[in-house]
Amino acid sequence: MPNRPPRYRAADTAQQLIGGFLLAGPFVVTEEVWMLAVRMGWLNGLGTAAVVVTIGYTALYGADAKRDPEIESDLGGVPLRFVSLLAVAFGSVILLVVLFDAPSTFFAALDVPPEQRPGTLFRVICVGSVFSVVGAATADSVF
């Protein structure tokens, strides 16, 4: 019988949080990211979100042979560790955006019309989450 991977614990989310915030921070306050998000379309934003999901799953289960998503605790059929990773990846960016009040700064600086702000914010969150998920998954795997 192969060694069973360690069960998911709250400490795993704490590790993910450290990695996720570490890599998300610089991208939340970078004007180029906001400018990129202004110029991206909805499909680009959705594609970027799909990249976050793919990177997260691959980093947790493709890069670490000790983990098997079939035997981990799950939430509605989705491994709890993966749910936590995605919550950290997107949530850390959202929290930093709010704490830094980044939208008021960048929407004014980039002259973003009010009707474009929700979509732009969604795309900023997706772009920042690409980097956050890498940090979160790395911290989860290393520690």
According to a 4.5 Å side-chain heavy-atom criterion applied to Ile, Leu, Val, Met, Phe, Trp and Tyr, with indirect links allowed, do [X] and [Y] form part of one hydrophobic cluster?
X	Y	result
F90	F100	yes
L22	V28	no
L85	V53	yes
I125	V51	yes
L75	Y8	yes

Considering non-hydrogen atoms only, spot the tightest contact between [X] and [Y] and give its length.
X	Y	value
F122	G45	CE2-C, 3.8 Å
W42	G119	CZ2-CA, 3.6 Å
C126	T48	O-CG2, 3.5 Å
A59	S141	O-OG, 4.0 Å
L110	M35	CD1-N, 3.7 Å
G20	V88	CA-CG1, 4.3 Å

State the [atom1]-[atom2] distance between [X] and [Y], to the nearest 0.5 angstrom.
X	Y	atom1	atom2	answer
L23	S92	CG	OG	9.0 Å
N44	L36	CG	CG	8.5 Å
L95	L17	CG	CG	9.5 Å
F106	E32	CZ	CD	8.5 Å
T138	I18	OG1	CD1	13.0 Å
S132	F27	OG	CZ	10.5 Å

*Is the shortest heavy-atom distance from the side chain of F131 to the side chain of P26 under 4.5 Å?*
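Sidechains of P26 and F131: no contact.
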_If you apply the rule side-chain contact (heavy atoms from CB on, under 4.5 Å), what do you find for L96 with V93, and how did you get there?_
CA-CA 5 Å; L96 289 173; V93 176; 6.0 Å; no
*Would you list the pairs meeting salt bridge (Lys or Arg N to Asp or Glu O under 4.0 Å) in which at least one residue belongs to residues 34-51, sequence neighbours left out?*
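Sorted pair list comes back empty.
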*Any pair with a residue in residues 132-143 that passes salt bridge (Lys or Arg N to Asp or Glu O under 4.0 Å), sequence neighbours left out, goes on the list, sorted by first then second residue, please.*
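Of all non-adjacent pairs touching residues 132-143, those that pass salt bridge (Lys or Arg N to Asp or Glu O under 4.0 Å) are R67-D140, R81-D140.
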*Do the rings of F82 and Y57 sit parallel, tilted or perpendicular, given the 30° and 60° boundaries?*
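Ring orientation, 0 to 90° scale: perpendicular.
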*Using the side-chain contact (heavy atoms from CB on, under 4.5 Å) rule, take I55 and V133 through it: C-alpha gap first, then chi angles, then the decisive distance, then the call.*
CA-CA 7 Å; I55 289 171; V133 77; 3.7 Å; yes
Around atom [atom1] of [X], are there more than 12 heavy atoms from other residues, nucleotides or ligands closer than 6.0 Å?
X	atom1	answer
D101	CG	yes
Q116	CD	yes
L99	CG	yes

_T54 side chain vs A50 backbone, donor-acceptor pair below 3.5 Å_ =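 Here the side-chain-to-backbone pair exists.
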*Name all residues meeting the side-chain contact (heavy atoms from CB on, under 4.5 Å) criterion together with F107; count only those two or more places apart in sequence or in a different chain, and write none if there are none.*
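Checked F107 against side-chain contact (heavy atoms from CB on, under 4.5 Å); matches are W34, P103, V112, R117, T120, L121.
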